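Remarks on the structure that follows.
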Amino acid sequence: MANMETVQSNFIKQIINEHNASGRYGGRVHTRFPPEPNGYLHIGHAKSICLNFGIAEEYGGKCNLRFDDTNPVKENVEYVDSIKEDIRWLGFDWEDREFYASDYFETLYEYAVKLIRDGKAYVCELTGEEIRAYRGTLTETGRNSPYRDRSVEENFDLFQRMRAGDYPDGSRTLRAKIDMASPNLNMRDPIMYRILRAHHHRTGDAWCIYPTYDWAHGQSDSIEGITHSICTLEFEDHRPLYDWYVTQLEIHHPRQIEFARLNITCTVMSKRKLLRLVQEGIVDGWDDPRMPTISGLRRRGYTPGSLRDFSDRVGVAKKESTIDMALLEHCIREDLNAHALRVMAVLDPLKVVITNYPASEIEEMEAVNNPEDATAGSRAVPFSRELYIEREDFMEDPPKKFFRLAPGREVRLRYAYIIRCEEVIKDAEGNIVELHCTYDSETRSGLPQANRKVKGTLHWVSAPHAVDAEVRLYEQLFDREHPETTDEEGQDFLANLNPASLQIVQAKVEPSLASAMAGTHFQFERKGYFTVDSRYGKKGAPVFNRTVTLRDTWAKIHKGQKTTP
Ligand code: ATP
Ligand code: MG
């Protein structure tokens, strides 16, 4: 894997290096990230952002942010704002280069007029359905539109009247006059403009004709002086069209370079599908912590550094593949292991009473904030006669290899004492409600005689000091590795939802967490990494999101392999 990725991470740079050597762009490197503001950004976009801004940075060039806002029906300002917030959060800066394809509507119109004047575009009156039928297929050439051979003057007049609002929506289009027999369907007289009376979030009602994405995109790149238009593979077949446009117009000619989209197991990545999850209320908005959106990952507890690291590690490829979600989780674990504060939280509390511990006594135990980071210091955690431990850390009738608590057995309480379970208290139905234990006062952590060996160490919280917290445990949103592929019964992707993707538990957490701020990262000892939820985190009892568990499946599988070149 390592080798392959070293090579892959270079194919874009190889092209740039060749250009720099030949002087094609005078050594300039200018990229752009061109989102369509029709949804929130996802981790695939993060990959593209890291790539575009990263390459610009590496070559001492620039990267623009350009909103490709050519479809007013699906776009809005909420999306524009969220996109800007996400890119900044990832750590990238477009400085004063925030552009919109809609800023170029007038220029694009003039370009279209030039093509008409040159006999290379015409106004077509076929309906959408007819255009499709005339286009032909991969095996069948297309047929010329009956409107293809209008005079330049007639085309110019009709196009002006399209803009002036003389015709109803959808009744006419402007099409490039290229080649209906081209083996490339994109070259069969593609549509440049459609009539559409829709309010645009920036241009308002100034236009009733809108450029298609294919007509706007390449010219927008050209107008901005972009040198390398990095995009995903599905645009490879559009490249001849984009090249044709800039060649006919005799304007600056960017080089388009395609790379494979990022896909990740157990999730979906298309904005259309993500929008459905939001609209149908399956998730709690675009920033639901189970969403692969940047805002969802942020709310889940992912850090900008972990996403940039992930993006580096997956590299760029020419062939579609699906990256294991475990790699993304591995990246956040590495980051949080180094930075998160370790605290104690009991997610499924079982009461423990230490019968030989004085009722009025409270001791302050010194707990290390992060063993990986000496500068993180330590804190005092209160210890008292009544505690909570994790229910799963006790078994009444344990197998031999169970090294946690059981009747008559001893464990160490982290940062505190060794205790022994003396009695199991049950309710009328036989459920265990409480354990009575004794402690050995000679075994307090840190004391020389504390070295008496026991096999298990448990986390705990002092009952009178514990803070109630809601903890949200997330699993994959889909329980299939490839949820987008329809199954045997032809069910769509929603049939593959994981019913257990969110589990909410009422936990007891150590008192230092009462005032935890949104955006702070914690390792709940033995339980995983957690963060305070940014939406519900401040309501009364704190609300925590589980970012990831501690079990690093990726590190296990890929032990000894390095992905980074
Ligand atoms: P989606 O198909 O998810 O709706 P999109 O391509 O329509 O995504 P855009 O807003 O057009 O969304 O994408 C902006 C940029 O991000 C484009 O340059 C696109 O190539 C890139 N991009 C989108 N999805 C991915 C992905 N999964 N991996 C890498 N880059 C992506
Ligand atoms: Mg797109």
Side-chain angles (χ1 to χ4, degrees), residues 8-9 12 31-56 63-71 73-76 78-84 86-87 90 92 94 98-102 201 212-214 216-218 220-221 224 226 228-239 242 254-279 286 291-297 307-308 310-323 325 327-328 482-484 493:
Q8 285 168 353
S9 69
I12 294 177
T31 59
R32 83 288 176 261
F33 173 65
E36 194 186 336
N38 61 354
Y40 280 60
L41 297 181
H42 53 58
I43 176 95
H45 295 116
K47 159 90 227 159
S48 175
I49 292 166
C50 291
L51 191 58
N52 278 294
F53 280 92
I55 281 188
C63 181
N64 295 356
L65 168 59
R66 183 180 67 248
F67 291 96
D68 268 337
D69 53 350
T70 54
N71 187 359
V73 179
K74 292 196 171 161
E75 296 160 3
N76 72 48
E78 177 197 344
Y79 296 141
V80 169
D81 293 342
S82 75
I83 288 169
K84 291 198 276 186
D86 288 348
I87 300 172
L90 273 176
F92 297 104
W94 56 92
E98 176 178 326
F99 301 119
Y100 294 80
S102 56
H201 65 106
T212 55
Y213 182 88
D214 273 352
H217 187 78
S220 300
D221 280 348
E224 291 176 16
I226 299 305
H228 300 89
S229 304
I230 300 169
C231 65
T232 40
L233 279 183
E234 72 272 23
F235 290 103
E236 194 164 23
D237 289 346
H238 298 236
R239 176 156 29 119
Y242 299 172
R255 165 64 199 266
Q256 176 172 300
I257 307 170
E258 306 85 11
F259 72 101
R261 260 176 194 264
L262 170 68
N263 301 301
I264 300 184
T265 54
C266 300
T267 190
V268 294
M269 208 82 97
S270 119
K271 277 188 273 186
R272 198 171 46 78
K273 291 188 173 122
L274 296 175
L275 181 64
R276 262 190 80 189
L277 292 169
V278 173
Q279 283 179 337
W286 284 96
M291 291 279 269
T293 52
I294 297 179
S295 50
L297 291 165
L307 298 188
R308 291 197 305 261
F310 173 72
S311 170
D312 279 353
R313 289 184 195 228
V314 298
V316 284
K318 263 292 188 192
K319 202 168 148 288
E320 287 266 345
S321 68
T322 303
I323 304 292
M325 179 69 93
L327 175 58
L328 180 60
H482 303 280
E484 313 214 35
F493 73 106

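As the structure lists them, so they are numbered: ligands from 1, and atoms in each ligand from 1. Because the structure is predicted, anything quoted here is derived from the model rather than measured. Values reported hereafter were calculated over all heavy atoms of this structure, with side chains retained and with hydrogens, waters and symmetry mates removed.
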Option of least heavy-atom distance to atom 31 (C) of ligand 1 (set: A260, G39, G44, P35) | G44
Report yes if K271 has an N/O atom closer than 3.5 Å to an N/O atom of ligand 1; otherwise report no.
-> yes
Polar side-chain atom of T265 near backbone of M325 as donor-acceptor pair, under 3.5 Å | yes
4.0 Å heavy-atom contact, H42 with ligand 1 = yes
For F259, counting its heavy atoms only, list the atoms of ligand 1 lying under 4.0 Å from any of them.
-> 29 (C), 30 (N)
Is any N or O atom of C231, backbone or side chain, closer than 3.5 Å to an N or O atom of ligand 1?
-> no
Flag M269 as yes when one of its N or O atoms lies below 3.5 Å from any N or O atom of ligand 1, and as no otherwise.
-> yes
Verdict with reasoning, I264 to I43, per side-chain contact (heavy atoms from CB on, under 4.5 Å) = CA-CA 9 Å; I264 300 184; I43 176 95; 3.8 Å; yes
Does some side-chain heavy atom of R272 sit less than 4.5 Å from a side-chain heavy atom of K74?
-> no
Please identify which atoms of ligand 1 are closer than 4.0 Å to at least one heavy atom of P34.
-> 14 (C), 18 (O)
Contacts of R239 meeting side chain to side chain donor-acceptor pair (under 3.5 Å) (sequence neighbours excluded), chain-then-number -> E258
Rounded to the nearest 0.5 Å, what separation is found between the CZ atom of F33 and the CG atom of L41?
-> 5.0 Å
Using atom types as modelled and distance alone, determine if a side-chain donor or acceptor of H217 lies under 3.5 Å from a backbone N or O of D214.
-> no
Nearest-0.5 Å distance, CG of residue L262 to CD1 of residue I323 | 6.0 Å
Roughly how far apart are K318 NZ and F259 CZ, rounded to 0.5 Å?
-> 10.0 Å
Judging by distance only, is a nitrogen or oxygen of R261 under 3.5 angstrom from one on ligand 1?
-> yes
Hey, is ligand 1 close enough to N38 that some N/O pair sits below 3.5 Å?
-> no
Counting from 1, what ligand 1 atoms have a heavy atom of F33 closer than 4.0 Å?
-> 14 (C), 15 (C), 16 (O)
Ignoring hydrogens and angles, tell me if any N or O in the side chain of D69 forms a donor-acceptor pair with the backbone of A101 under 3.5 Å.
-> yes
Give a yes/no verdict on whether any heavy atom in F235 is under 4.0 Å from an atom of ligand 1.
-> no
Enumerated ligand 1 atoms positioned under 4.0 Å from heavy atoms of T232 | 19 (C), 20 (O), 29 (C), 30 (N), 31 (C)
What are the atoms of ligand 1, with element, lying closer than 4.0 Å to any heavy atom of S48?
-> 16 (O), 21 (C), 30 (N)
Which atoms from ligand 1 have a heavy atom of S270 less than 4.0 Å away?
-> 3 (O)
